[in-house]
Protein chains: 2
Amino acid sequence: MNKPVGKTVASQKSPVNQPKTARGEATRKAILDAAERVIGAKGYSDASIGHITSEAGVAQGTFYIYFKTKEEVFSELVLEMGRLVRHTISDATQGIENRLEAEKAGLRAFLEFVKAHPDLYRIVQEALFVDPDAYREYYGAFADGYRTGLTEAEAAGQISIGDPDTRAWALMGIARALGEQLVVFNSDTPISELVASAYDLIENGIKP
Amino acid sequence: MNKPVGKTVASQKSPVNQPKTARGEATRKAILDAAERVIGAKGYSDASIGHITSEAGVAQGTFYIYFKTKEEVFSELVLEMGRLVRHTISDATQGIENRLEAEKAGLRAFLEFVKAHPDLYRIVQEALFVDPDAYREYYGAFADGYRTGLTEAEAAGQISIGDPDTRAWALMGIARALGEQLVVFNSDTPISELVASAYDLIENGIKP
DNA sequence: ATGAAACATGAATCAGTATTCATGTTTGGT
DNA sequence: ACCAAACATGAATACTGATTCATGTTTCAT
């Protein structure tokens, strides 16, 4: 009963290091959290294992009880970000019948998440260089979600006809750009305004 | 006569190392080109000065005759990318009266450029971590261009009324996402199709 | 033609840091 | 209470790679 159930995620390279006790669990979590803060703040290469472990309050060697390499924590952070974002968005769009409204709520939730976790945002971006597979998986999954939503909305007659694939990429690009405005450019435009403007564009376009 | 005219670019930290002879000029160029290839292919931290200089066919020490640090070549590559892209787009949109048509032609030119210079694309992305100022400058300038275009188009009645700022970011986001699809995800969708789909969305939106 | 400035070389320096390991300490099931 | 497995430690290892430098070679203005 309650078998550990292998994760269904793809880039599952190393099936090791699962803590067996509560103490271990806690330590691993502490290291992961510290890694998120340190790598998010200093970037992958400037974040040393020493920084991470001291931030976590453990000795350097302890790191390697739970992670095989520095890259491995990083990849796990990317996966975590993926899970978190999907969960957040899915929560925020629960029960919204109209697809367009759901997309709008999803964008708002995404932007709020990004604003609350700027570190995770940067980590995903850096994944393009540290762990490209994780990066592609992250955005691939994201694009799939958009495409599915768009296809269903199209079938339901809630949006006009158009290539769901390019549309998915375009919408994702808009979300990313607005998120980046918040995190990288520290814009203070309220999220609700961003969402409103963006969705006016997405719904009606810019033709006069 | 013909004074060297200080560059008007912002992040002008080090006014050094201008070659004085034709030989120096050529060597510097060789190093810069090699850096583009090597850093673009291996990423910033895996690209060693040794790799770069051997690719350029010069000794390691020669690098430091023309660049103060590894970061400095990198920053210069980002600036170069900015200049090149702006120039390319500006060329491609010369003489197009209708703003919307101009934007469309600009997107096509951008995508073609990106497809032809995947290395430079990656370098700009990596700038967020290696030289954040250069990154912000790059995308800031880009956004300004879009905003200006949109504002003028709005004034000329060629597009509907709407917040030019968010619109600029959104359009830029679309362009980036499609570019990334080409370079990072190796999509083989023809550029003309991408542009057509994207501009159908941008012009008309997705309302039924 | 010539010498001072430019340019080029590549071996040596120097620092950082990921990873390992031999040695304790703690935990939890019995 | 006991002990094997888990967990924790931090010093030592091992390697990489950016930057410097002392020493040549080439260029070009005079």
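Since the structure is predicted, the reported quantities are computational estimates derived from the model, not experimental observations.
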Looking only at side-chain N and O atoms, does [X] come under 4.0 Å of OP1 or OP2 in [N]?
X: B:Y66; N: C:dA8; result: yes
X: B:T69; N: D:dA18; result: no
X: A:T62; N: D:dT9; result: yes
X: B:Y64; N: D:dC21; result: no
X: B:T21; N: C:dA6; result: no

Are A:Y44 and B:F129 near enough that their ring centres are under 6.0 Å apart?
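No; B:F129 has its ring centre 6.0 Å or more from that of A:Y44.
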
From [options], pick the nucleotide closest to the side chain of [X]?
X: B:K70; options: C:dT26, C:dT19, D:dA18; result: D:dA18
X: B:I49; options: C:dA18, D:dC7, D:dT19; result: D:dT19
X: B:P19; options: C:dT19, D:dT19, C:dC7; result: C:dC7
X: B:R23; options: C:dG10, D:dT26, D:dC7; result: D:dT26
X: A:I65; options: D:dT9, C:dC7, D:dT19; result: D:dT9

Using a cut-off of 4.0 Å on non-hydrogen atoms, how would the nucleic acid contact of B:A47 be classed: base, sugar-phosphate, or nothing?
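Result for B:A47 = sugar-phosphate.
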
Can you say whether the rings of B:F185 and A:Y135 are parallel (under 30°), tilted (30 to 60°) or perpendicular (over 60°)?
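Taking A:Y135 first and then B:F185, their aromatic rings sit tilted (interplane angle of 30° to 60°).
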
Just to verify, which of A:Y121, A:Y146, A:F142 counts as forming a ring pair (Phe, Tyr, Trp, His ring centres under 6.0 Å) with A:F110?
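Answer after filtering A:Y121, A:Y146, A:F142: A:F142.
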
